[in-house]
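The model shown is predicted, which means the values in this text are computed figures rather than measured ones. Note that these values count all heavy atoms, side chains included, but never hydrogens, waters or copies made by symmetry. The chains referred to below are lettered A, B, ... by the order of the sequence lines, with proteins before strands, and numbering in each begins at 1.
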2 protein chains.
Amino acid sequence: MNEKTTSELEHLRGLIDGVDQQLLHLLRKRLDLVAQVGTVKHAAGLPIYAPQREAAMLAKRREEAQTMGIAPQLIEDILRRLMRESYLNEKDVGFKQVKNDLGSVVIVGGKGQLGGLFQQMLRLSGYQVKVLDKDDWQQAECLFADAGLVLVTVPIAITCDIIREKLTQLPRDCILADLTSIKTEPMQAMLAAHKGPVVGFHPMFGPDVGSLAKQVVVVCHGREADKYQWLLEQIAIWGARIVEAEPECHDNAMQLVQAMRHFSTFVYGLNLCKEEADIETLLKFSSPIYRLELAMVGRLFAQSPELYADIIFAQQESQHAIGDYLDNYREALELLKRGDREEFINQFQMVAKWFGDFAPQFQRESRMMLQSVSDMKTN
Amino acid sequence: MNEKTTSELEHLRGLIDGVDQQLLHLLRKRLDLVAQVGTVKHAAGLPIYAPQREAAMLAKRREEAQTMGIAPQLIEDILRRLMRESYLNEKDVGFKQVKNDLGSVVIVGGKGQLGGLFQQMLRLSGYQVKVLDKDDWQQAECLFADAGLVLVTVPIAITCDIIREKLTQLPRDCILADLTSIKTEPMQAMLAAHKGPVVGFHPMFGPDVGSLAKQVVVVCHGREADKYQWLLEQIAIWGARIVEAEPECHDNAMQLVQAMRHFSTFVYGLNLCKEEADIETLLKFSSPIYRLELAMVGRLFAQSPELYADIIFAQQESQHAIGDYLDNYREALELLKRGDREEFINQFQMVAKWFGDFAPQFQRESRMMLQSVSDMKTN
């Protein structure tokens with residue numbers, strides 16, 4: 001590199017540094033302003049996530065960007081990232097308490113990760129939260145005495161037993177709720193154990209989300225919905241979207257979404273391990289899409305084996321779905337072995353037709369995801 | 001919402017709008033400055049992607065953010081997104097031409113997507129590019145006469161035949177290169193067909209990347225490396241990272257990375273279709289991780305069945321890997337059927353141990369990815 005080039009680059013980089021300083025100050029200012037919005041909303045008890053306002057604001061910015069020759073997607077991506085930050089900061093302000101005369105909340109299994117998250121959210125909303133973990137059962141009676149809400153979040157394998165054996169003596173008007181990832185059996189157990197209000201939840205996210213904004217919480221109605229309506233409002237204030245479902249319908253969908261997917265991911269990791277694949281080499285050759293897939297597999301094995309054993313073994317019905325998948329896999333391999341390219345293409349087209357408009361939509365979505373994965377790459 | 005809340009919110013939103021205007025102006029300014037850097041680099045023939053400079057700049061910004069009470073990750077994410085935009089804009093400037101006395105470049109199969117991308121990059125770098133597609137073989141002799149580089153990018157199933165039958169009469173010093181996703185056989189075919197310089201490439205990305213910055217290109221050396229060294233430099237100027245590999249080593253890794261993964265994704269889509277899953281319902285219940293996985297599956301079926309048939313059927317050896325996976329799947333299902341939770345946990349721990357430090361690393365990476373997927377969610 002010659003001297004002129006070096007000095008030109010240095011000069012330009014100095015100017016870029018200056019722009020970045022201004023950028024940081026603007027970010028600080030915007031975060032502060034949004035925090036003030038949060039405080040106003042908090043006082044008024046409005047949900048922190050307002051989809052329509054957000055969509056309108058983004059549409060306006062995209063238009064403004066266009067007139068300035070800036071790619072609309074650039075400003076949208078940056079603002080979405082900023083909004084995420086603001087949702088996270090929301091936690092510092094706390095949330096409006098919808099129900100002021102509840103008594104206490106008892107979280108059964110509150111030392112688990114998901115229990116911990118709900119504990120935090122409830123405390124940030126002004127509720128008095130008590131935790132009942134596996135060594136605390138001798139104090140149960142005392143803890144339950146003034147409980148307005150008992151929230152069960154114990155390992156899935158023991159959920160129904162705990163409900164049946166330990167939660168039969170709650171105060172009549174106390175709400176009994178759970179966070180189990182299957183719903184049919186826990187709902188039946190709760191309705192049998194308790195005469196008062198019953199509701200089931202399945203938070204569709206991991207405990208590492210940071211903020212509940214935009215996350216989905218499935219709710220299954222049990223009994224006396226008017227008594228726990230406030231709790232749905234409270235969850236909405238945290239930013240989550242409530243999706244109502246019948247327990248059986250939820251569990252059927254979950255067999256495909258959850259048990260089978262976890263199981264396949266487990267086998268995929270097991271297979272890599274048995275094939276003695278070299279992860280370094282795989283990564284060296286990896287395009288963003290494969291790095292992403294590998295990360296999704298590796299992610300599973302950074303978590304608790306017991307947790308995944310519980311989820312997979314709890315859904316006996318999912319064995320049928322897994323068995324069907326195995327059959328399809330075997331048939332497809334036969335097709336490959338006999339070199340039947342034509343039939344492969346036929347089946348491919350059948351599936352593409354079945355995906356319909358979702359296929360190109362998913363392609364667009366995944367392209368954006370892959371681009372952000374590329375952004376993260378450092379070497 | 002009462003009047004006071006409404007007017008407070010409106011006032012704050014007005015201020016946020018003002019900040020966003022300033023933000024747009026700063027973005028415009030920064031893009032322009034980076035474009036000027038691009039012009040200087042272009043004139044000096046420097047690569048557009050400078051990992052060390054980038055890392056140093058990000059480290060400085062993170063530090064500055066910290067002192068201002070801004071999450072360092074926020075400014076890093078925003079700057080990475082901005083850098084992506086600048087890489088994309090780089091294409092408007094063009095790239096330095098490393099080799100000025102090459103003669104023409106002939107792309108065999110230039111109407112394919114990947115061929116189109118390389119055609120564009122070579123033209124942006126000042127090369128004279130001619131395209132030889134499947135109906136142009138009668139003009140081949142004339143096209144090849146002054147060729148300095150012949151780049152083969154035809155469907156994988158016919159690559160070796162084309163090389164063996166059609167590319168035996170190239171000028172002695174012309175470089176023969178290919179972009180096939182397997183390397184052993186095409187390399188052998190090229191070395192046999194042509195006496196001059198030979199090099200094989202495998203670009204590890206889809207044709208929809210937008211920019212080559214940070215992407216990986218695998219290179220397999222064939223013959224007379226000094227004659228095509230400039231081409232590696234040219235690819236580096238486009239921003240890509242060159243990874244050298246032996247053809248066999250590359251192909252072995254690709255069996256796990258590519259053929260098997262595509263095949264499993266195909267079967268997963270086929271299975272969803274056969275189970276008559278309702279995509280709307282699946283999405284309604286989907287956490288970000290599942291939406292991402294579903295998008296990755298759907299993405300495949302938005303693409304050409306022939307392309308995937310070619311990739312999957314070309315690697316006969318991958319049938320062993322696929323067969324092994326099927327065996328592991330069957331065994332794991334047996335374990336599930338007999339309810340052997342203990343053995344599941346044992347195997348889980350074995351795999352976790354094998355992943356080692358990669359498991360928590362992948363968990364961190366995937367968390368960031370999932371967060372950007374959440375950012376994109378609109379409802």
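- Most heavy-atom pairs under 4.5 Å with chain B: of the set A:Phe313, A:Phe355, A:Tyr268, A:Tyr308, this distinction falls to A:Phe313.
- Residue contact with chain A, scored on non-hydrogen atoms closer than 4.5 Å, involves the side chain of B:Leu31 exclusively.
- Listed for the B:Asp20 side chain is no donor-acceptor partner under 3.5 Å among the backbone atoms of B:Leu23.
- Annotation: B:Tyr325 is not in aromatic contact with B:Phe263 [ring centroid separation under 6.0 Å not met].
- B:Arg28 places a side-chain N or O within 3.5 Å of a backbone atom of A:Met68 that can act as its donor or acceptor partner.
- For B:Ser264, the parts lying near chain A are the backbone and the side chain together; criterion is any non-hydrogen pair under 4.5 Å.
- Here the two rings, on B:Phe362 and A:Phe301, have centers that are 6.0 Å apart or farther.
- Most heavy-atom pairs under 4.5 Å with chain B: of the set A:Val297, A:Ile78, A:Leu326, A:Leu27, this distinction falls to A:Leu326.
- In this structure, chain A has a heavy atom under 4.5 Å from the side chain of B:Glu331, while its backbone stays farther away.
- Heavy atoms closer than 4.5 Å to chain A are found nowhere in B:Asp327, neither backbone nor side chain.
- In this pair, B:Phe266 and A:Phe344 present their aromatic rings tilted. The plane angle is within the 30 to 60° band.
- With hydrogens and angles disregarded, a donor-acceptor distance shorter than 3.5 Å links the side chain of B:Gln303 to the backbone of B:Arg299.
- At least one side-chain heavy atom of A:Met296 sits under 4.5 Å from a side-chain heavy atom of B:Ser366.
- With a 4.5 angstrom heavy-atom cutoff, A:Lys274 touches chain B only via side-chain atoms.
- For B:Ala253, the parts lying near chain A are the backbone and the side chain together; criterion is any non-hydrogen pair under 4.5 Å.
- When heavy atoms are compared at a cutoff of 4.5 Å, B:Gln349 approaches chain A solely by way of its side chain, counted from C-beta outward.
- For B:Arg53, the part lying near chain A is the side chain, with the backbone staying farther off; criterion is any non-hydrogen pair under 4.5 Å.
- With a threshold of 4.5 angstrom between heavy atoms, B:His25 approaches chain A through its backbone and through its side chain.
- Looking at B:Leu294, the atoms closer than 4.5 Å to chain A (heavy atoms on both sides) sit in the backbone and in the side chain alike.
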Show, in sequence, the C-alpha distance, side-chain angles and deciding distance for A:Lys214 and A:Glu54, and conclude whether the salt bridge (Lys or Arg N to Asp or Glu O under 4.0 Å) test is met.
CA-CA 12 Å; A:Lys214 303 186 184 189; A:Glu54 202 177 283; 3.5 Å; yes
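- Note on A:Val37, A:Val34, A:Leu74: by heavy-atom pairs under 4.5 Å with chain B, the leading option is A:Leu74.
- Interface check for chain B: of the options A:Glu64, A:Lys29, A:Met57, A:His202, the most heavy-atom pairs under 4.5 Å are formed by A:Glu64.
- Your options are A:Arg261, A:Gln363, A:Gln319, and the one with the most heavy-atom pairs under 4.5 Å with chain B is A:Arg261.
- Interface check for chain B: of the options A:Asn89, A:Asn346, A:Thr281, A:Leu283, the most heavy-atom pairs under 4.5 Å are formed by A:Leu283.
- Looking at B:Gln73, both its backbone and its side chain come within 4.5 Å of chain A, counting heavy atoms on both sides.
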